Each structure stands twice: as structure tokens, then as C-alpha cells.
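So you know, we letter chains A, B, ... as the sequences are listed, proteins then strands, and number each from 1. Since the model is a prediction, treat every value here as computed from it, not as a measurement.
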Amino acid sequence: MVYLQRHIRKLVTLVGLGILLSLSLTSQAADLKPVIPTAKGGQCVEKTDVMRKNHMEFILHQRNDTLRRGIRTSKHSLKECIECHNAPANDGKVARISEKDHFCSSCHTFAAVKIDCFECHADKPEAAQYRTSAKGGH
Amino acid sequence: MKQDTDMNRRRFLGQAAAAAGLAVAPGVMLYEVQARPAGEAATSKQRWGMLIDTTKCEVGCNDCVTACKTENGWGASETKSSTEQQAQWIRKVKLTDKQTGHVQSLPLMCQHCETPPCVDVCPTGASMKRADGIVLVDKHICIGCRYCMMACPYKARSFIHESLSGQKAHAPRGLGTVESCTLCVHRVDKDGTPACVESCNAKGHKAMYFGDLNDPNSEISKRLKEFGGQQIRADLGLNTGVRYQGL
Amino acid sequence: MKAIRYREIDGNSLGYFALVGILGLIVAAGGLAALYMEHNGHWVTGMTNQVVWGMPHVFAVFLIVAASGALNVASISSVFNKKAYKPLAPLSAILAVCLLLGGLTVLVLDLGQPDRLVVAMTKYNFKSIFAWNMILYNGFIAIVAVYIWLMMERKMNVYSKYAGFAAFFWRLILTTGTGSIFGFIVARQAYDAAIMAPMFVIMSFAYGLAVFMLVMMASYKWSGRELGEGTIQRMKSLLGVFIGAVLYFLLAYHLTNLYGTENHGVEAFLLVDGGIYTKLFWYGTILIGCLAPLFLIFCRFTKNSNTAIVIACILVILGGLSQMYVIIIGGQAYPMEMFPGKIVESGFFDGGVKSYTPTLAETLLGLGGFALALIMVSLAVKVLRCLPVSMADKDVDPHYKAEAK
Ligand code: SF4
Ligand code: SF4
């Protein structure tokens, strides 16, 4: 009986340790995933999974339409992405592209895909103020 | 046929204006008629151009240049480049006649040539002319070879020699690419007027006119018809979109 | 004539490693310079919005022009069927490709966006001479590569003649294309001339042959192989003829320019009061690049000295670089004539002569391209069987002495 009790206690401890371990692992895993900042209310112009997969094609297509043909619809324009996805937070300020909490960098640093959109394009809505004073860029 | 569409558009706009309850004068409405919806491409129906009356342009005045800097965000953004390296979309030029000493002044920028040498020489097609005559650089595919700068007879183009930040949302520009006057294409597409022209008029100089060269009823066409207008380096036969009076 | 035997050079002497080492250092310096320029942007160079092409272009254009000329020896043997030149044809073709690659590397590394090379290779604007040139350059490398292979593969030798023809015509078009880069620029007074294209072709003959002779003489001397007097003398005379032709074309170019009144200003600038450009033209191009080598080549006292010939070749190269500088930089420094009869002033340097001071980085980049070309040749002669074991007169041209008498 005592023998059995001891075994049960061991088992419980093991299971407990296991749970603890897996918990800590998952929380670490959560840390590894990019923290994607939330956008300014409402729904994106496309479904999230469509956007995740195809956003580059959308903006590539739009860039040619806008620049070469003068079509200025806002649906797939980079400017509009930034308007919503880098809208001022509670403190009224926005992030720079060089910072991890900028919507675009949050994923792109995680996925290690270098983009040079913001060598030229504004990384914030026209009127918004940066949170930090450090000079952006690379 | 053309009249038909015009009539239709006019009717449509009339209704829209009525629906919105706007009290627009007929003249203003006529202007509104030309607005192009955001989803429609620019067409060769229009050819945008500019007319500069050098007799009204004041020596020493720099208002158009300042307006362009503010509008498009160049001028203060390059901190490391030497003055010879800094971008200049539009500049004021002072001319003194070698014989008579007569002094003139005029703004000089991309002349939006109909047959632009910059577009001809560009290896990638980054230099391009829109259907409505506006010449632009597609910085997405510009490789920064600067052949267009060699070819432009007006020295209208600038190369960006350093990394930039804080660009305007409507005027992307950056390291290693070439840029020039866009005729404020972002404004024109919304039926607006280039910033330089606007400021010149606002300050009361009235030396610059902007409009559609293809529309015989536009102010610029009427003025050109009445007073004529010269091209700089007309000998090259580039049929520039920017014309000058009193040169 | 005996069959010619080709063999790789041993390439394990101290001298060889020293040569490759030094060239390697220059290439590395050029590479670092390019990285530095790309990282910072072009503000670290002397190039500006007024003088947009600088030192890298001087070197790049020189190398590209010389590349097509370096093919001369091969062309003369294949196209004009001159037996005496045949043994050296493979070296000539290899040198041509190496010089071209060196020049193109400089050109690409100087771009504002070098990492967009893919764009340049995939998006062509067929109206652009620059785009044509990219096709011409790639085609040149391909054709000459086939040509080299045909020459070096015994069984295929018979066909090498056709590839030789193709390469010959291709390179004429190529140099015409390079010259046209400038010739079609109507905007600038110094460039807007049809003669630019043929002038570049003639220049390419002279510069290319000079580089070839240096490489050939160095290879033979340093590998301890024999190079006959006949070969050297024959090429030397040819070089003399080419230099004479360059002089003639320079004369024609400036005279035709002087014929049009509108060009008097720019001609006076280049020939009389252009400061550095005038000096470079008269001292660099004419004196050092043409007259001095002509003297060394044809003067009774020096014409049989190999040292004199080596010096002559080096002078031709220096003169060539100086001429490129005058054409490329000088042509931009001279103000564009927009308002005839007026004094022009502006906040953007209109009206005045523009200044250009190259920085170390861009000069190193240019030199690096040169060194890159040479290091590739050095490695090629070590791994490829392209150099005849002996170029002694008795082996390649037993009649030489008889002819000379
Ligand atoms: S003025 Fe110069 S930049 Fe503008 S279209 Fe003409 S050639 Fe091109
Ligand atoms: S610098 Fe850019 S726009 Fe100009 S010719 Fe080169 S690729 Fe075209």
C-alpha cells in the first residue's frame, strides 16, 4: 500500500513537472512568434490569410497601376496599409520601420525577409508623430 | 462622339452636384467635369502642360521653389550630400543678356518633353511618360545608372546620394535612384494644380499657368494661342510640355 | 610551319604568386571601396548632380573599349588569315573577355542600386543604347567563349574560323555601341557627334593592342618561354598604325566640331582654356598617349628595344585613360548651352564650369576593375592551355628574318 502510494506520488510529481515544462515551452514559443500590432479598427481590405499570402502581389500590382497609369484607388495602396496598420497608438505616436513594433517590421524581421519599400516610402501616416527620436533607416 | 461623352459626363456631374446640394457656378462646374475618377487610368485625351510668363516672374523671388520643397519634401532632407549633390526639382534661373544687359528670371524644371531623351536612354524603362504627358521615374526599377541625367538637356534630374527618411507619403524618394519634377502628379490626379503654380498665383505674381494643352478652351491653350510660347532648346524638337513667354 | 604546342604556365614561381597577390590586393581594395560606396550612398564620391559620371566610368569605358580591341590578334588571324598571329589568338580572346568583365563589374558596382542588377538583366527598354549594350556585352562574352573553346579543342579547330568572324563583327558593333552611349546624347555639346562611334572603334584598336602586348610580353618573360622578335616587331608596327589612326580621328573630331559655330565654346574649352581637361588632352592624350609612343616605336634608336616597346604600351594606356577622362568628365564639366547669348546664374550651378574631384573610393573601384581583369588573365593562363610553349621566330614564322631584310 505504502509502496503504491509512493509510486502515485512520484507519478503526480512527474506529470506536474511535465505540465510545467510544456507550459513554459509553449510560452517561450509564443515569445518567438512575431507580435503583430493591431490595426486601426474595422476589417482589412482582404481576408487575413489572403493578405498574409498575397500582400506583396497586391501592392506590386497597385504600384504599377498608380505610378504608370495614374489609377489612384486606395484599396491596395501601400499608403493605405500604413494609414491603418501604423495608426497612432494610445499615446498618439507611431513606430518607425527600424523598430520591431512597426507593423511591417514585426513580421519581416521575424521572417528575415528584407524589404526596401521604406527606403523611399513614408513609414507612417502623414500627420502622425514618431514615438522615438532616433533617426530611422538602416 | 466626343461631345456625347462630354454631355453625358456633364449631365452626370450636374446630377451629382444637385444631389449634393452644391451651388456651383457654371464655370466651376465645367472645371469639375474634367475630374477623373480614382479608378480610371490617365489617357492621352489630356496633355498636361505649363506656361511661364517670364515678364511677370520676379528676379530674386523663390516662391515656386519653396512651395515645391514643402510639397514634395526635398531640400532639407539631405544632410551629408554636398550642395552639388543635393536634389533640385525646380530652380530659379537669372538671365542677363550679354549685349543689352536685359535681365530676366524664370523657373526651370523638368519640361515634360513629348519625346523625352531621358525615357529613350533609360535601360530599364524606369524613366517613363504617362499617357497624359507627365514624365516620371519609376523608382521601383530605377537602377541608378544616371544615363537619363546625362541625356536630359535641361539638367532637370537629381540623383539621391544618401539614405533619406521622413519622406512625404505622396512623394516617395530615396537612395540610389533618380528623381525630378512630377508636375505634382498626385495633385493633378485629384484635379489639382502643381504646388509651384498655386503659390505663384497665391502670392499674386501670376507668372505660371497650368492646364491641358489638348483642350483648346483651357486657359493655357488660349494664352498660348494668343501670345505664343517658346520652348527652351527648341532646336532639339522635344515638344516640351512647359512653355515660356518673353524668353 | 610546325604544329603549335600549347601548355598551361607552371605558375608556381614566387613571381607569379607575387603578381597574383598584388593584383588580389588591388581587387580587394576595389571591392571594399564598392561596399563603402553602396553602404553610404554616392555622397562619399566626387560625383554630383552636375558631374554624374566619374572615375568609375573612365575606367569602365576604357576597359570595355580595350576589351574589344584586345580581340584584334584573334581577328587578324581568323578573319584576315594571317598565320603569324594565329598562335596567340586564344590569349587574345581570353584577354578580351577578362577586360570586358572587369569593366562591367566597375559599371555595375557604381550603380545607385547595384542589387537591382536582375532588373537591368530582365527589363529592357529597346530604345536605350544602354540596354542594347547590355545585350551586346553578354553576347560578346558568349560568342568569344565559344570561339575560345573551338580554338582550344583540336577537333573543332576547323570551325573556329567562323566563330572568329562572328566575334569580329560582334565586337565592331559592340564598340560602336559603346561610342554611341555618348554619341546619342544630344543634350551635351561635346558628345553630340556621329564620329564618336567610329572614333571609339579606332581607339579600341590601339588600347586593346597595347594591353595585349603588355600581357603577352609579361607572360612570356615571366614564364621563361621564348617570344620571338618577329612577333613583337610586327605587333609594334601595327600599334603604331593604330595610334596614328587615333590621332587622325581626334583631329577630325575636333575639326568637324569647330566647323559648327555653336560648338566653338566647347572646343575652346577642351582645347584651349579648360584647365585640367585641356592639359589632359594635350599632355595626356596627345603627347603621352600618341606622340611619345609613336616616337618610341619608330625612332631608329628605340625601335628595336623591348623596354621601349613596353614603355610605349604603358603610355598608350595612360593616354587612353586620359582621353576617357577628357571625353567623359570634360564633356560634363562644360555647361549646357540652354540660353544662347545670355549670362546664366542659378542656385543649381547653371552657367559655370562644373568641378569634379574624384575621391579615393571611386578611383580604387576603377583600379580594382583593371586589376580584376588582369588577375583573371593570370589565372586563365595557368589553368587553360592557351599559351604556345614557344613563340620563337623559328617555330612560328621561320621567314621572319628573311622578310625583314
Ligand atoms: S526635361 Fe529632362 S527629365 Fe524632363 S522629360 Fe525632358 S529629358 Fe526627361
Ligand atoms: S538612373 Fe534610373 S531612371 Fe535614369 S536611366 Fe538609369 S535606370 Fe533609368
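Contact check for B:Leu106 versus C:Phe339: side-chain heavy atoms found under the 4.5 Å cut-off.
With chain B as the partner, the residue from C:Asn49, C:Ile185, C:Thr48 showing the most heavy-atom pairs under 4.5 Å is C:Asn49. Per-residue heavy-atom pair counts under 4.5 Å with chain C were compared for B:Gly125, B:Ala87, B:Ser158, and the maximum is reached by B:Ser158. Note on C:Ile129, C:Asp110, C:Thr122, C:Leu107: by heavy-atom pairs under 4.5 Å with chain B, the leading option is C:Asp110. The residue among B:Lys92, B:Arg157, B:Gln88, B:Gln104 with the most heavy atom pairs within less than 4.5 Å of chain C is B:Gln88. In terms of non-hydrogen atom pairs under 4.5 Å with chain B, the most contact-rich of C:Gln332, C:Met134, C:Met336, C:Arg116 is C:Arg116. The greatest number of non-hydrogen atom pairs below 4.5 Å with chain C, out of B:Val93, B:Asp97, B:Asp120, B:Leu247, is found for B:Asp120. The greatest number of non-hydrogen atom pairs below 4.5 Å with chain C, out of B:Ala151, B:Cys122, B:Ala126, is found for B:Cys122. With respect to chain C, the highest number of heavy-atom pairs below 4.5 Å among B:Arg233, B:Gln99, B:Lys155, B:Glu162 belongs to B:Lys155. Your options are C:Gly341, C:Pro340, C:Gly331, and the one with the most heavy-atom pairs under 4.5 Å with chain B is C:Gly341.
Looking at B:Ile143, both its backbone and its side chain come within 4.5 Å of chain C, counting heavy atoms on both sides. Of the atoms belonging to B:Ile141, heavy atoms from both backbone and side chain fall under 4.5 Å from chain C. Only the backbone of B:Val119 comes within less than 4.5 Å of a heavy atom in chain C; its side chain stays farther off. Heavy-atom distances place no part of C:Leu117 under 4.5 Å from chain B, backbone and side chain included. For B:His140, the part lying near chain C is the backbone, with the side chain staying farther off; criterion is any non-hydrogen pair under 4.5 Å. Looking at B:Thr83, the atoms closer than 4.5 Å to chain C (heavy atoms on both sides) sit in the backbone and in the side chain alike. Heavy atoms of B:Ile90 lying under 4.5 Å from chain C are absent altogether. With a threshold of 4.5 angstrom between heavy atoms, B:Ile160 does not approach chain C through any atom at all. Using a 4.5 Å cut-off between heavy atoms, C:Phe126 does not touch chain B at all.
Note on B:Arg187 versus B:Glu71: salt bridge recorded, some NZ/NE/NH1/NH2 to OD/OE distance being below 4.0 Å. The pair B:Glu78-B:Arg173 counts as a salt bridge, with a side-chain nitrogen and a carboxylate oxygen less than 4.0 angstrom apart. C:Lys342 and C:Asp350 are not joined by a salt bridge, as no carboxylate oxygen comes within less than 4.0 angstrom of a charged side-chain nitrogen.
The main-chain N or O of B:Met150 is found under 3.5 Å from a side-chain atom of C:Arg188 such that the two form a donor-acceptor pair.
Counting heavy atoms of neighbouring residues, nucleotides and ligands inside a 6.0 Å radius, atom NZ of B:Lys129 exceeds 12 of them. More than 12 heavy atoms of other residues, nucleotides or ligands sit less than 6.0 Å from atom NZ of C:Lys354. Within a 6.0 Å sphere centred on CH2 of C:Trp170, heavy atoms belonging to other residues, nucleotides or ligands number more than 12.
B:Asn72 CG to B:Cys184 SG: the interatomic distance, rounded to the nearest 0.5 Å, is 5.0 Å.
Cation-pi geometry between B:Arg146 and B:Phe159 is met: the NZ or CZ atom falls under 6.0 Å from the ring centre, inside 45° of the normal.
Side-chain rings of C:Phe281 and C:His254 approach one another, their centers coming within less than 6.0 Å.
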